[in-house]
Amino acid sequence: MEHEFWHARWKHQEIGFHEGTVNRYLHDHWPEMVQTGTETVLVPLCGKAKDMWWLYDRGHPVLGIELSPIACKDFFEEAETKALVQPAQPFIRYIHDELQLWCGDFFQLVPDDVEHVRLVYDRAALIALPPKMRRDYAEHLTAVLPDQARILLITLDYEEGAIKGPPFNVADEEVHQLFGEDFEIEHVLTNPLEKDHPFAKRRGLTEGVESVFKLTRKD
Ligand SMILES: C[S@@+](CC[C@H](N)C(=O)[O-])C[C@H]1O[C@@H](n2cnc3c(N)ncnc32)[C@H](O)[C@@H]1O
């Protein structure tokens, strides 16, 4: 989606994607991702997800990348915490101890920025993007990440055209097309979207599934 689309969503607070609590798949499957417990975690297209505080509280340095300055400001204000703001190009950095939000375009990240990253958490990032941008996103993520980095990826799939994205439907085959060349893909689970899921209700989505994948770089 174009940047203006997301800036407008944040300006008008049309942020139904924001869960306001820790994501249940993160909660349940993160322990399987972790080795030392202090790995730096990249959270692309992070919004103001509370998941980042959860990761930080568990001892991970966290780097979130988010286009919207409103999201970045709200993230810290809602936690009643101040961040040091370092204006720089191409990202304005919001720094609170070892939790940083970089405000800017994910596609401006370079390998040096994330050389210390060992884990990635993608919830509502890949599925926020239309098909062509998903290819660009997967290519860019693969290009910048160090070889040791593993990814926890959560997707949503539903019948093509059932609703107007975002979120977009991403089938399991597409995950393999996007990442299969470079990563071993472990399909951890698929759950039907609960009928009373606030998102499904609001958008009138009667059927859909959420899937969780673990991606590990091939040797
Ligand atoms: C669907 S939301 C998901 C946010 C978050 N992952 C969550 O779970 O709440 C997608 C977010 O990506 C941000 N975004 C979109 N395009 C971006 C880009 N090119 N670079 C950085 N952030 C972007 C949007 O502003 C929005 O906050």
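Just so it is clear, the values below take in all heavy atoms, side chains as well, and ignore hydrogens, waters and symmetry mates. Order of appearance sets the numbers: ligands from 1, and atoms from 1 within every ligand.
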Is there at least one pair of N or O atoms, one from H18 and one from ligand 1, spaced under 3.5 Å apart? no
If you draw a 6.0 Å radius around CD in Q35, do more than 12 non-hydrogen atoms from other residues or ligands fall strictly inside? no
Contact (N/O only, under 3.5 Å) between L67 and ligand 1: yes
Summary of salt bridge (Lys or Arg N to Asp or Glu O under 4.0 Å) pairs that have at least one residue in residues 114-125, sequence neighbours excluded: E19-R123
Residue portion contacting ligand 1 (non-hydrogen atoms closer than 4.0 Å) for W6: side chain
Does an N or O anywhere in L129 fall below 3.5 Å from an N or O of ligand 1? no
Determine whether the aromatic ring centres of W30 and H60 lie less than 6.0 Å apart. yes
Centroid separation W102 to F75 less than 6.0 Å: no
The atoms of ligand 1 lying under 4.0 Å from a heavy atom of G104, numbered in the order shown, are 20 (N), 21 (C)
Just heavy atoms, cut-off under 4.0 Å: does C46 contact ligand 1 by side chain, backbone, both, or neither? backbone
So is P166 touching ligand 1 or not, going by heavy atoms under 4.0 Å? no
Between ligand 1 and L45, is the shortest N or O to N or O distance under 3.5 Å? yes
Which of L42, V41, V144 passes side-chain contact (heavy atoms from CB on, under 4.5 Å) with V117? It is L42
I want to know if ligand 1 touches S68 in the polar sense, i.e. an N/O pair below 3.5 angstrom. no
Given the rule in the side chain to side chain contact (heavy atoms under 4.5 Å, CB included) test, do I151 and K214 qualify, once you have shown the distances and angles that lead to the verdict? CA-CA 6 Å; I151 304 173; K214 288 187 220 161; over 6 Å; no
Give the intermediate values and the outcome of ring pair (Phe, Tyr, Trp, His ring centres under 6.0 Å) for residues W10 and F17. CA-CA 11 Å; W10 281 101; F17 52 79; 5.7 Å; yes
Enumerated ligand 1 atoms positioned under 4.0 Å from heavy atoms of D105: 18 (C), 19 (N), 20 (N)
For the residue pair F76 and W53, does the interplanar ring angle fall in the parallel (under 30°), tilted (30 to 60°) or perpendicular (over 60°) class? perpendicular
Where the closest heavy atom to atom 7 (C) of ligand 1 is concerned, which of R123, M133, H3 has it? R123
